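Source: prediction; values computed, not measured.
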Amino acid sequence: MAKVSDILSGKGPHLVTISSQATVLTAATVMNDNKVGSLLVLEDGRLAGMLTERDILERIVAEQRDPQTTRVVEVMTSDVICCRPHTDLEEARSVMKNRRIRHLPVVEEDEGGVIGVISIGDLNAFQVNHQERTIYLLKEYIHGTW
């Protein structure tokens, strides 16, 4: 069965982070520049929270708060659900579906440091690629070119 580590190995170790004291405007700019829907909020190298597009919509736009003066720490999600590299992809998908979240930080087995993030898009792309490979191999087998 496929694991979270299978997705991470294809994505690489790039983490997009922000300080809890940065403004939400800065965070939104970082998200846009990196074409991501969430940022890991780190304090002293440890995960303090996560800022998502939904956080910005619900806690800044809907509440008509000023993104230039509001700090990330004021609107971030601090109770972050995480997974481990050995987590099955179906378990990760289930957690995302049941918790209605689109991003899942991946933490180390021992120390708990963040080593990556998977998104629902990553899960879907992995599944599609796996299905395409299976279809290709089945065609090869059926047509005897294997």
Undergrad: Is the closest side-chain heavy-atom distance between Asn129 and Glu132 below 4.5 Å?
TA: yes

Undergrad: Could you give me the CA-CA distance, side-chain angles and deciding distance for Val95 and Cys83, then say whether side chain to side chain contact (heavy atoms under 4.5 Å, CB included) is met?
TA: CA-CA 9 Å; Val95 167; Cys83 68; over 6 Å; no

Undergrad: Apply side chain to side chain contact (heavy atoms under 4.5 Å, CB included) to Asn34 and His14, showing your working.
TA: CA-CA 11 Å; Asn34 289 278; His14 182 69; 4.0 Å; yes

Undergrad: Rounded to the nearest 0.5 Å, what separation is found between the CZ atom of Arg65 and the OG1 atom of Thr70?
TA: 4.5 Å

Undergrad: Do you know which two heavy atoms are closest between Leu104 and Ala92, and how far apart they sit?
TA: CD2-CB, 3.9 Å

Undergrad: Starting at CD1 of Ile118, measure out to CG of Leu8 and round the result to the nearest 0.5 Å.
TA: 7.0 Å

Undergrad: Using modelled atom types only, decide if a donor and an acceptor are shared between the side chain of Ser94 and the backbone of Glu90 within a distance under 3.5 Å.
TA: no

Undergrad: Looking only at heavy atoms, what is the nearest atom pair of Ala27 and Val72, with distance?
TA: CB-CG2, 3.9 Å

Undergrad: Identify the heavy atoms of Leu47 and Cys82 that sit nearest to each other, and give their distance.
TA: CD2-SG, 3.8 Å

Undergrad: Evaluate the criterion side chain to side chain contact (heavy atoms under 4.5 Å, CB included) for residue pair Arg59 and Val24; output intermediate values, then yes/no.
TA: CA-CA 10 Å; Arg59 300 178 186 143; Val24 173; over 6 Å; no

Undergrad: Counting only N and O atoms by type, is there a donor-acceptor contact under 3.5 Å from the side chain of Asp55 to the main-chain atoms of Thr52?
TA: yes

Undergrad: Quick one: pull up CD1 in Ile7 and CG in Leu89 and give me the separation to the nearest 0.5 Å.
TA: 4.5 Å

Undergrad: Consider side chain to side chain contact (heavy atoms under 4.5 Å, CB included). Of Leu40, Thr17, Val80, which one does Val114 pass it with?
TA: Leu40

Undergrad: With salt bridge (Lys or Arg N to Asp or Glu O under 4.0 Å) as the rule and sequence neighbours excluded, what pairs involving residues 14-30 come up?
TA: none

Undergrad: Can you see whether Asn32 engages Thr29 through a side-chain donor-acceptor pair at a distance of less than 3.5 angstrom?
TA: no

Undergrad: Check step by step if side chain to side chain contact (heavy atoms under 4.5 Å, CB included) holds for His86 and Val4.
TA: CA-CA 6 Å; His86 70 271; Val4 167; over 6 Å; no

Undergrad: About how many Å separate CG of Leu42 and CG of Leu15, when rounded to the nearest 0.5 Å?
TA: 7.5 Å

Undergrad: Look at the side chain of Arg84 and the backbone N and O of Glu108, then say whether any donor-acceptor pair between them is shorter than 3.5 Å.
TA: yes

Undergrad: Under 4.5 Å between side-chain heavy atoms, hopping through other hydrophobics if needed: is there a path connecting Val36 to Ile115?
TA: no

Undergrad: Which pair of heavy atoms, one from Ser20 and one from Arg71, lies closest together, and at what distance?
TA: O-CB, 4.0 Å

Undergrad: Do Arg102 side-chain atoms and Ser119 backbone N/O form a donor-acceptor pair below 3.5 Å?
TA: no

Undergrad: Hydrophobic clustering (ILVMFWY, side-chain heavy atoms < 4.5 Å, transitive) - are Met31 and Met50 grouped together?
TA: no

Undergrad: Which heavy atom of Met76 sits nearest to which heavy atom of Gly49, and what is that distance?
TA: SD-CA, 4.0 Å

Undergrad: Roughly how far apart are Lys3 NZ and Asp88 CG, rounded to 0.5 Å?
TA: 3.5 Å

Undergrad: For residues 4-21, which residue pairs qualify under salt bridge (Lys or Arg N to Asp or Glu O under 4.0 Å), counting only residues two or more places apart or in two chains?
TA: Lys11-Asp122

Undergrad: Heavy atoms only: give me the nearest Val41-Leu51 pair and the separation to one decimal.
TA: CG2-N, 4.0 Å

Undergrad: Would you check if the side chain of Arg93 reaches a backbone N or O of Leu123 as a donor-acceptor pair within less than 3.5 Å?
TA: yes

Undergrad: Please round to the nearest 0.5 Å and tell me the distance separating atom NE2 of His103 and atom CG of Leu39.
TA: 9.5 Å

Undergrad: Does Gln68 offer a backbone N or O that forms a donor-acceptor pair with the side chain of Asp66 under 3.5 Å?
TA: yes

